[in-house]
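Here is the structure we will look at.
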Number of protein chains: 2
Amino acid sequence: MPAVQTPTLRDVADAAGVHPATASRALNPGTRGLVNADTARRVMKVAETLGYRPNPIARGLKTAKSGTIGLVLPDLTNPMFPPIVRGIEAILEAAGYSGLIVNTDNDPHRERVHIETLRSRQVEGFIIATARLEHPLLEQLQREGVQMVMVNRRPEGLDLPSITPDDAVGVELSVRHLAELGHRRIVHLAGPDNTSTGVARARAFRNAVRDLGLEHDPALVASCSHWSEEAGAEALRGMLDAGTDFTAVVAGNDLIALGCYDVFAERGLQCPGDVSVVGFNDMPFLDKLRPPLTTVSVPHQQIGAEAARLLLEAIADPSRPARSVLLPLTLKVRGSTAPPAA
Amino acid sequence: MPAVQTPTLRDVADAAGVHPATASRALNPGTRGLVNADTARRVMKVAETLGYRPNPIARGLKTAKSGTIGLVLPDLTNPMFPPIVRGIEAILEAAGYSGLIVNTDNDPHRERVHIETLRSRQVEGFIIATARLEHPLLEQLQREGVQMVMVNRRPEGLDLPSITPDDAVGVELSVRHLAELGHRRIVHLAGPDNTSTGVARARAFRNAVRDLGLEHDPALVASCSHWSEEAGAEALRGMLDAGTDFTAVVAGNDLIALGCYDVFAERGLQCPGDVSVVGFNDMPFLDKLRPPLTTVSVPHQQIGAEAARLLLEAIADPSRPARSVLLPLTLKVRGSTAPPAA
DNA sequence: TCGGGTGCTGCAATCGAATGCACGCACGGC
DNA sequence: GCCGTGCGTGCATTCGATTGCAGCACCCGA
């Protein structure tokens, strides 16, 4: 059993012939100035050759910092999130932090429990992607001075830093694209109206329709109960069953748009011949669909990276005021949109 | 600044009128028997009302256990991994553990650095999904007594516990399905031949072809350089350019199959009219493709869960011998397979 | 020559929980 | 009535790194 114990600060200090305290100071860039330059060099060299790695647990105990961040997601298997996570981790990693991921499945109870657990693990802050409009838990955290950054969604009434796509611009790009193709009666299958994103996109839709002088008819807007294919399909079926007349659909997100594809197949509708569809998010493999889905492309990785940066800033200087970022979007025109049938 | 410090073991002990040591014992199921049942109850009640949460950092310092596991993945944005991760986290969570995820991008250097970092964070074990065939790093870890479980891939020559889909069965299901449809000349676009999965599936393909009495021609097998659409497309183009004659393709995985779709579009081939294709993995949204992809369905979440269970077992009892699990697979027949054109 | 810096290093306490050891007390047996 | 036994509890140390404070040596100016 060779099992070479990883060297501790003591070992380094002994090998360098100094006191552990001195070794500690020499090894930490912030305090290195306190020790003689030669000594510092010597300690660092010894640490290097011994392969010394500070034990973050011990350090965390004293400094009350864990070097970890909590990532609170609804569901990692939603293809929107992995790129965000990668963006986050890229930044955290460079700063010596790690991210702890939890999935809430949008269940407030699970969310509460998970956040509690993460707090007991001494995370230094949260990146949260689950904001419902009502969010007492977040308010409470904020009151307790917990650092957090919202991604992708934004709670109302709370002054929290957030990184979100510019929903209004995205929706407007979609509507304008359809209007330019000649569509006049456009449906919006909105996201759940208890999510900030759902409401924001629906509002943007109404504005765009008005600004572009298209027909605006409340019957052309429906809310889906979830951000899912099933909910999207259900909403579209309701619309068709009600006999609503339209030639294009702006879906709240890509999954809702995929639900529309299912309904088209059920009802024998051609896309884009009979109906055009635009999604939102540009999740992977949409170009492989038939037809390839026209959608709003969101820079997910960049969103994650910005969020991580913001959080690290906030941790470094908690007094700095909250800042929010809206990221610009682009429309990816593919095969699911075409001029309406004459 | 109310900022109520979270209570420590001391606070609980004081409030309960006992020594911290007693409180510690009362609160830990393992040592609870050492203290008077009444005292234990009282301490637990006090802990409850104070909202006491043991600080895992402090505990970890003393016990050299961190309650964390390292998850080493090639790339979280590969849709295969999120379900695995969820399966893992479900089990870890129940056991009070958390998972720390890192992405290696299949870069041995990044992998080494990440594993090093995770070790310094005192993870108690690893779940690793990046096994190349050659894997000196894993050997070294094993020698050092680090607990680990492989998922989805399996290194050769190392006696490590692993959870993998039963590749041989999956490939055989695919080949048999095609054979039953009447295909005789079937191509295999294998995964990279430096991955255990790539080799295993290729071997299974050759066996299945032999067992079913189909034509076996070395020209019908090609290895892709990566598990990606581009590599799949490239391999198929090579096959077509060489003038090889075939009516069906068994792809090493779904992405490779998607690459085939791209080539079909380029070359004006109909699927499944001219060529049938079978994928492997059943990643999300394949049913939305045109045609929907026939593929081998892999229980990813279950793979993750099993891996986590195995690792926790190994941590609890390191002397237990390594155990590996092959999970059964099923074929999801969709629209990309049909009898060959007469 | 002596006082006051200054620069560097060591000492010791600390973070929060776990744990080996020892002590105290009650009780039972003789 | 005394001693042994054992249960329950407290004391003190430990994990590894950080940090306030003290001390030492040396230098400079007065």
Side-chain angles (χ1 to χ4, degrees), chain A residues 3-44 46-47 50-68 96 119-124, chain B residues 3-44 46-47 50-68 96 119-124:
Chain A
V4 213
Q5 201 66 312
T6 80
T8 78
L9 186 59
R10 262 198 86 89
D11 300 327
V12 174
D14 288 351
V18 297
H19 192 272
T22 306
S24 169
R25 286 186 276 251
L27 260 13
N28 280 64
T31 48
R32 186 167 305 149
L34 296 177
V35 345
N36 181 293
D38 285 342
T39 316
R41 249 195 304 281
R42 182 157 42 92
V43 171
M44 289 165 65
V46 171
L50 288 188
Y52 169 73
R53 293 232 162 242
N55 179 331
I57 302 220
R59 168 178 297 170
L61 184 56
K62 178 66 176 175
T63 61
K65 309 201 166 218
S66 60
T68 56
R119 291 190 68 188
S120 82
R121 278 193 185 271
Q122 314 293 121
V123 299
E124 295 180 43
Chain B
V4 214
Q5 201 64 315
T6 80
T8 78
L9 186 60
R10 263 198 85 88
D11 300 327
V12 175
D14 289 352
V18 297
H19 192 272
T22 305
S24 169
R25 286 186 274 251
L27 261 13
N28 280 64
T31 49
R32 187 166 305 148
L34 297 175
V35 346
N36 180 293
D38 286 342
T39 317
R41 251 195 303 281
R42 181 157 43 94
V43 171
M44 289 165 68
V46 170
L50 288 187
Y52 169 73
R53 293 231 164 245
N55 180 332
I57 305 226
R59 168 178 299 172
L61 183 55
K62 178 65 177 171
T63 61
K65 308 201 166 220
S66 59
T68 57
R119 291 190 68 187
S120 82
R121 278 191 184 274
Q122 314 292 124
V123 299
E124 295 179 44

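Chain letters run A, B, ... following the sequence lines, proteins first, then strands; residues in each count from 1.
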Just do the side chain to side chain contact (heavy atoms under 4.5 Å, CB included) check on Q122(B) and K65(B) with the steps written out, would you?
CA-CA 7 Å; Q122(B) 314 292 124; K65(B) 308 201 166 220; over 6 Å; no

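The nearest whole Å value for the distance from the CG atom in D11(B) to the C1' atom in dA17(C) is 13 Å. Distance, N55(A) CG to dG16(D) C1': 6 Å, rounded to whole Å. In this entry the distance linking NZ of K65(B) with C1' of dG16(C) reads 19 Å, nearest Å. In this structure, the CD1 atom of I57(A) is 15 Å from the P atom of dC15(D), given to the nearest Å. Regarding R53(A), its CZ atom lies at a distance of 16 Å from the C1' atom of dA17(D), rounded to whole Å. Atom CZ in R10(B) sits about 15 Å away from atom P in dA18(C), given to the nearest Å. Rounded to whole Å, atom C1' of dC15(D) lies 6 Å from atom NZ of K62(B).
Of all non-hydrogen atoms in G60(B) and I57(A), the two that sit nearest each other are C-CG2, 4.1 Å.
For the pairing with R41(A), the side-chain contact (heavy atoms from CB on, under 4.5 Å) check across D38(A), V43(A), T39(A) returns one residue only, D38(A). A side-chain contact (heavy atoms from CB on, under 4.5 Å) with T31(B) is found for exactly one of V35(B), L27(B), L34(B), namely L34(B).
Between R59(B) and dA18(C) there is a side-chain N or O to OP1 or OP2 distance below 4.0 Å.
Taking CZ from R59(B) and OG from S24(B), the interatomic distance works out to 8.0 Å, rounded to the nearest 0.5 Å. Separating the CG atom in N55(A) from the CG atom in L61(A) is a distance of 10.0 Å, to the nearest 0.5 Å. Between the NE2 atom of H19(A) and the CZ atom of R10(A) there is a distance of 8.0 Å, given to the nearest 0.5 Å.
At least one donor-acceptor pair closer than 3.5 Å links the side chain of R42(A) to the backbone N or O of A16(A). In this structure a side-chain-to-backbone donor-acceptor pair under 3.5 Å is missing from D14(B) to D11(B). In this structure a side-chain-to-backbone donor-acceptor pair under 3.5 Å is present from R32(B) to A26(B).
Within residues 30-43 of chain A, no residue has any heavy atom closer than 4.0 Å to DNA chain D. Contacts between residues 18-28 of chain A and DNA chain C, counted as heavy-atom distances below 4.0 Å, involve V18(A), H19(A), A21(A), T22(A), R25(A).
When side chains are defined from C-beta on, E124(B) counts as touching S66(B), because their heavy atoms get closer than 4.5 Å.
Side chain of T8(B), nearest nucleotide from dA18(C), dA13(C), dG16(C): dG16(C).
If you find the closest nucleotide of DNA chain D to L61(B) and to G17(B), the one lying nearer the 5' end belongs to G17(B).
Helix-axis bend for the helix from dT1(C)-dA30(D) to dC30(C)-dG1(D): the local axis fitted to the five terminal pairs at one end deviates from that at the other end by 60°, rounded to 10°.
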